[in-house]
Amino acid sequence: MALVKKPVNGMRDILPAEMQIRDYVQGVIRDTYRSFGFTPIETPCMESIANLSNKQGGENEKLIFKVMKRGEKLNLETAKTEADLVDFGMRYDLTVPLARYYANHANDLPAPFKALQMGNVWRADRPQRGRYRQFMQCDIDILGEPSNLAEIELILATTTTLGRLGFRNFEIRINERRILKAMAAYSGFAETDFDTVFIILDKMDKIGMDGVAQELQQEGYAQACIEKYLALFQGVAAAEDGVAYLADALGESLDVEVVSWMQEIAASVNACKSADFRLVFDPTLVRGMSYYTGTIFEIAMPEFGGSCGGGGRYDKMIGNFTGKDVPACGFSIGFERIILLLLESGFQIPEQPKKVAYLIEKGYSGAALADVIARAQEARRNGEQALVVRMNKNKKFQKEQLMKDGYEEFVEFFKQQDSLS
């Protein structure tokens, strides 16, 4: 079988120029989140297949890279179902592993616990612009905080990070699962139909109000319900305060606590934000994960034309492991999409250290070589990035490649003469 040079479809090699930007962005994300009190943790890349397939991950559960049993556990002759062959899976997000992690270590963690996770996840998805089968996620989560202080902190931490990376004029779209349910119930839809209605509603930005109406009709729902439902969205669009409008329109169908919950988030975030963004109430925001129980949010950037991250409250997930529910809320930055936007905009890392390359001719050795290395060590102590490397035959091409990597000064050393700068 011939060896293959290209990476697996949907996965990719990352060249040094992009890797430098990725390292820089990860550093900004990590430092900013730490300044908000989040603590870095790490979880394994694989989880028990039972954890990943418990009907909480929505469509992502169809995209799991499953891992076959090994050794004596794998018996192909007696296997009858997939369960006989598979025991692990590659994680498709960082939230399910975090819930297991917290359930396993809760007694050793502070309450509430503010977790920071950065790591690769895997989904057997169809590759496209900004979407890969292996990609980095950057998550912050607050576990054990029942109030909307969690949402406020998560939104401020995430938007501060994006602001420090130079992003402007983006939106944080926010909604509440209890508002979604109240709107559907008020309009006359049965609770058993909510999931179907929400799946169709989630297409609003792609197919518009007429498209949503048509698909609801195709599902056989009553025209009166559909018209009453869509009239609510039209009313929100025309209102100055969408949450207040729904409070009046829905009456007892919407809990007063939910209204004050959302209004307090908006007031606090708008009063304390440091980045240039808009917090927008969007009643059409659904998010596909079935584990969300309350507030949900997404990052919308005009440059990308879609979501660049999101999250929400998932108060029931940890209880699946422990039998006791724990309040939980998280926000994930779409790292790969952020990197794509930075690369497309010609982003340059600010305040990079000076990069100098010491090019040594073949045969240059002994005490003279040690002197060059000592000179490079001194440059490093002074905060410079110093590369010591043998000189290639095609020195011109070698320098061109190093210049692409950001080297701005070259010092050459030859066997029979002093160094030339």
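We use all heavy atoms of the structure for the numbers below, so side chains are in, but hydrogens, waters and symmetry mates are not. All residue numbers refer to positions in the sequence shown, counting from 1.
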CG (Asp141) and CG (Leu154) are apart, to the nearest 0.5 Å, by 7.0 Å
Between Tyr229 and Phe233, what is the ring plane arrangement, given parallel below 30°, perpendicular above 60°, and tilted in between?
-> perpendicular
Interatomic distance, Ile29 atom CD1 to Phe335 atom CZ [nearest 0.5 angstrom] | 5.5 Å
Would you please name every residue forming a salt bridge (charged side-chain N to carboxylate O under 4.0 Å, His left out) with Arg12, sequence neighbours left out?
-> Glu18, Glu336
Salt-bridge criterion met for Glu409 and Lys355 (N-O under 4.0 Å) | no
Do Trp261 and Ser147 get their side chains close enough for a donor-acceptor pair, meaning under 3.5 Å?
-> no
Do Glu176 side-chain atoms and Arg178 backbone N/O form a donor-acceptor pair below 3.5 Å?
-> yes
Cation-pi, Tyr364 ring and Lys362 (6.0 angstrom, 45 degrees) | no
Residue Glu42 excluded, over 12 heavy atoms near CD under 6.0 Å | no
State whether the side chain of Arg177 and the backbone N or O of Val286 hold a donor-acceptor pair below 3.5 Å, judged by distance alone.
-> yes
Around atom CD of Gln218, are there more than 12 heavy atoms of other residues, nucleotides or ligands at under 6.0 Å?
-> yes
Any donor-acceptor N or O pair under 3.5 Å, side chains Gln117, Thr43 | yes
Positive for side chain to side chain donor-acceptor pair (under 3.5 Å) with Glu378, one of Arg381, Arg380, Arg375 = Arg381
Would you mind reporting whether Cys308 and Ile338 have side-chain heavy atoms less than 4.5 Å apart?
-> yes
Does Asp325 pair with Lys316 as a salt bridge, N-O distance under 4.0 Å?
-> yes
Between Thr32 and Thr160: side-chain donor-acceptor atoms closer than 3.5 Å = no
CD1 of Ile318 to CG of Asn104: how many Å apart, nearest 0.5 Å?
-> 12.0 Å
Non-hydrogen side-chain atoms of Ile299 and Leu162 separated by less than 4.5 Å = yes
Taking the six-membered ring of Phe410, is NZ or CZ of Lys399 closer than 6.0 Å to its centre and within 45° of its axis?
-> yes
Pair Lys396 + Glu400, salt bridge at N-O below 4.0 Å | yes
Rounded to the nearest 0.5 angstrom, the CE-CZ distance for Met183 and Phe194 is 11.5 Å
Give the intermediate values and the outcome of salt bridge (charged side-chain N to carboxylate O under 4.0 Å, His left out) for residues Arg173 and Asp282.
-> CA-CA 6 Å; Arg173 300 163 59 210; Asp282 182 356; 2.6 Å; yes
What pair of heavy atoms forms the shortest contact from Cys329 to Ala150, and how long is it?
-> CB-CB, 4.2 Å
Arg123 side-chain N/O to Leu63 backbone N/O, donor-acceptor pair under 3.5 Å | no
Got more than 12 heavy atoms from elsewhere within 6.0 Å of CG, Asp195?
-> no
Does Ser268 use its side chain to pair, donor to acceptor, with the backbone of Ile265 at less than 3.5 Å?
-> no
So, do Tyr101 and Phe113 sit near enough that their side-chain heavy atoms are less than 4.5 Å apart?
-> yes
Under the salt bridge (charged side-chain N to carboxylate O under 4.0 Å, His left out) test, residues paired with Asp405 that sit two or more places apart | none
Could you tell me whether the side chain of Lys66 reaches within less than 4.5 Å of the side chain of Ile49, counting heavy atoms only?
-> yes
Scan side-chain atoms only and decide if Asn120 and Tyr132 contain a donor-acceptor pair under the 3.5 Å cut-off.
-> no
Does Thr295 use its side chain to pair, donor to acceptor, with the backbone of Gly312 at less than 3.5 Å?
-> no
Per ring-ring contact (aromatic ring centres under 6.0 Å, His included), Phe331 is matched among Tyr33, Tyr314, Phe297, Phe38 by Phe297
Got a donor-acceptor contact below 3.5 angstrom from the Asp255 side chain to the Glu257 backbone?
-> yes
Ignoring hydrogens and angles, tell me if any N or O in the side chain of Gln398 forms a donor-acceptor pair with the backbone of Arg390 under 3.5 Å.
-> yes
Could you list all the ring-ring contact (aromatic ring centres under 6.0 Å, His included) pairs where at least one residue sits in residues 366-408, not counting sequence neighbours?
-> none
Are the side chain of Asn175 and the backbone of Pro283 linked by a donor-acceptor contact shorter than 3.5 Å?
-> yes
Side-chain donor or acceptor of Thr159 paired with backbone N/O of Leu156 under 3.5 Å = yes
To the nearest 0.5 Å, how far apart are CD in Gln137 and OG1 in Thr95?
-> 7.0 Å
Look at atom CE of Met403 and say whether more than 12 heavy atoms of other residues, nucleotides or ligands are closer to it than 6.0 Å.
-> no
Are there more than 12 heavy atoms of other residues, nucleotides or ligands under 6.0 Å from atom CD of Gln348?
-> no
Is the backbone N or O of Gly10 less than 3.5 Å from a side-chain atom of Arg131, with the two atoms forming a donor-acceptor pair by type?
-> no
Looking at CD of Gln401 and CG of Asn392, how far apart are the two atoms once the value is rounded to the nearest 0.5 Å?
-> 10.0 Å
